[in-house]
Amino acid sequence: MCGRTACTLAPDELRRACSYRNRAGQRRKPRWRDGDADKYRPSYNKNPQSMSPVLLSQRHFDKEAPVDKRVLASMRWGLVPSWFKESDPSKMQYSTSNCRSENILQKKSYKDPMLKGQRCVILADGFYEWQKVEKGKQPFFIYFPQTREPSQEPKKTEDDPATSWTGWRLLTMAGVFDCWTPPDGGEPLYSYSIITVSASPNLQSIHDRMPAILDGEEEVRRWLDFGEVKSLEALKLLQSKNILTFHPVSSLVNNTRNNSPECLQPVDLNSKKEPKPTASSKMMANWLSSSSPSKRKESCTSESKEEQESKPQIRRKSAGGLQQWLQGANKKPRTK
C-alpha cells in the first residue's frame with residue numbers, strides 16, 4: 001500500500017523535474033492546468049484527501065491538444081467515482097487511496113476510468129511505509145536511487161537550461177483518475193488512486209505491497225499515451241520492480257500535522273553498528289558536505305532551487321551530513 005508521500009518541490013520546479021521529449025524530440029516543460037498550481041502545497045508529509053501533483057495527457061482537458069502534450073494538475077488523493085451520488089466525498093464508505101493492480105478491472109470504481117484511458121502519473125519525492133517491529137511500527141522513506149553525481153559538469157546538449165533538470169529524481173507512480181461533479185452542482189473534483197503491486201524483494205521486509213513504479217521516460221510516455229497504448233497493454237507496465245532504495249525515519253512522520261524536513265531525515269536504528277554505505281549514498285554524502293546550500297544555489301542559477309530540494313541518498317552513514325544540510329538550509333515547504 002501507499003498511505004503517505006512527500007513532495008517538496010515548488011510548482012515551477014515540478015515543471016522542470018518532469019520535463020519530457022515530444023514526438024519531434026524537443027524537450028518540453030508541462031504547463032500547470034489553469035489554477036492548479038495554486039491548489040498544490042509542497043509537503044514533507046502528504047496524506048490521502050490532500051491535493052497532490054499528477055502528470056497526464058493534455059487531451060483529457062482539450063480534445064484538440066497534440067497527442068503527446070502533457071499537463072500538470074492538482075488532484076485529490078483518493079478517487080471519487082464519477083457516479084458517486086452523495087454530495088460530500090467524505091461520505092464514501094471505503095478507501096480509494098490505493099488500487100490493487102490485480103483488481104483494477106474487477107472493481108467498477110477503477111475499471112471505468114481505466115477503460116476510458118484516464119491514466120495519470122503521481123509525482124513525489126518518495127513515499128513512506130511502516131514496518132511492523134516488536135514495539136510497534138518503524139517508518140521508512142522509500143525513493144529512487146539518485147545515481148548522477150551532482151558535482152559533475154552536465155553533458156552539453158541542445159536542451160534549454162531553463163527546461164533541463166539536475167535536481168532530485170522524482171518518483172513516478174502509476175495511477176488512475178476520475179472526475180466527479182457534485183449532484184447539486186459546483187466545481188468538478190478530479191481525484192486519483194495510486195495503483196499498487198506486490199512488493200519487490202528488497203522491500204518485502206517492510207511491507208508486502210508497493211506503488212506501481214514507472215521507471216524512465218519511455219514507461220511514463222506509454223502509461224500516459226492512452227490513444228496509442230490501450231488499457232490491456234498499459235497494464236503490462238504494472239510490475240514489481242526492484243529499483244528503489246530506502247532509509248528509516250523518525251516516528252514524527254506518524255502524525256500528519258508534522259510537516260518539516262525532519263520527516264525525511266535518516267535515523268540510526270543501531271548506533272553501535274552501522275552498515276557500510278553504498279556507492280550512491282557516498283556520492284550524496286560527499287555532495288552534501290562539499291558546500292553550503294547557498295553555494296550550491298549559486299553554482300546552478302539556471303536551475304533555480306532544485307539542488308536545494310535534493311534529499312538523502314544513504315540509509316544511516318550520511319545522516320550527519322544530511323542533518324547539517326537540512327538545518328543549514330532551514331527549508332520550509334513553499335507554495336510558489
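All residue numbers in this chain count up from 1 along the given sequence.
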When the ring centroid of Phe226 is compared with that of His60, is the distance short of 6.0 Å? yes

Aromatic ring centroids of Tyr190 and Trp180 under 6.0 Å? no

Considering all heavy atoms of both residues, which atom of [X] and which atom of [Y] are nearest to each other, and what is their separation?
| X | Y | result |
| --- | --- | --- |
| Leu214 | Leu237 | CD2-CB, 4.3 Å |
| Asp178 | Pro81 | OD2-CA, 3.7 Å |
| Phe84 | Pro89 | CE2-CA, 3.9 Å |
| Ala199 | His207 | CB-O, 3.1 Å |

Would you say [Y] and [X] are linked by a side-chain donor-acceptor pair, where the criterion is simply a distance under 3.5 Å?
| X | Y | answer |
| --- | --- | --- |
| Asp125 | Thr8 | yes |
| Gln26 | Asn22 | yes |
| Ser43 | Asn45 | no |
| Asp38 | Trp32 | no |
| Ser52 | Tyr192 | yes |

With a 4.5 Å cut-off on side-chain heavy-atom distances among I, L, V, M, F, W and Y, is there a chain of contacts connecting [X] to [Y]?
| X | Y | answer |
| --- | --- | --- |
| Leu56 | Val67 | no |
| Phe61 | Val80 | no |
| Phe140 | Val197 | yes |
| Ile206 | Met173 | yes |
| Leu189 | Met75 | no |

Would you say [X] and [Y] make side-chain contact, with heavy atoms under 4.5 Å?
| X | Y | result |
| --- | --- | --- |
| Cys7 | Tyr40 | yes |
| Leu224 | Val229 | no |
| Leu171 | Phe127 | yes |
| Met114 | Lys111 | no |

Main-chain N/O of [Y] paired to [X] side chain as donor or acceptor, under 3.5 Å:
| X | Y | value |
| --- | --- | --- |
| Arg27 | Ser19 | yes |
| Ser240 | Ser198 | yes |
| Lys241 | Ser200 | no |
| Asn47 | Arg4 | no |
| Ser191 | Arg76 | no |
| Gln58 | Ala65 | no |
| Gln131 | Lys137 | no |
| Arg70 | Pro30 | no |
| Ser193 | Thr96 | yes |
| Arg100 | Glu102 | no |

Salt bridge or not for [X] and [Y], using N-O below 4.0 Å?
| X | Y | answer |
| --- | --- | --- |
| Asp112 | Lys108 | yes |
| Arg15 | Asp12 | yes |
| Lys69 | Glu64 | no |
| Arg221 | Glu228 | yes |
| Glu233 | Lys230 | no |

Should we count [atom1] of [X] as having more than 12 external heavy atoms under 6.0 Å?
| X | atom1 | result |
| --- | --- | --- |
| Arg31 | CZ | no |
| Glu218 | CD | yes |
| Asp34 | CG | no |
| Lys39 | NZ | yes |

Just verifying a value: how many Å separate Leu235 CG and Ile195 CD1, rounded to the nearest 0.5 Å? 7.5 Å

If I take atom CD1 from residue Ile243 and atom CZ from residue Phe144, how far apart are they, to the nearest 0.5 angstrom? 4.5 Å

With side chain to side chain contact (heavy atoms under 4.5 Å, CB included) as the test, would you mind laying out the steps for Thr5 and Trp77 before giving the verdict? CA-CA 11 Å; Thr5 66; Trp77 184 5; 3.9 Å; yes

Using 30° and 60° as the class limits, which term best fits the ring planes of Tyr128 and Phe141: parallel, tilted or perpendicular? tilted

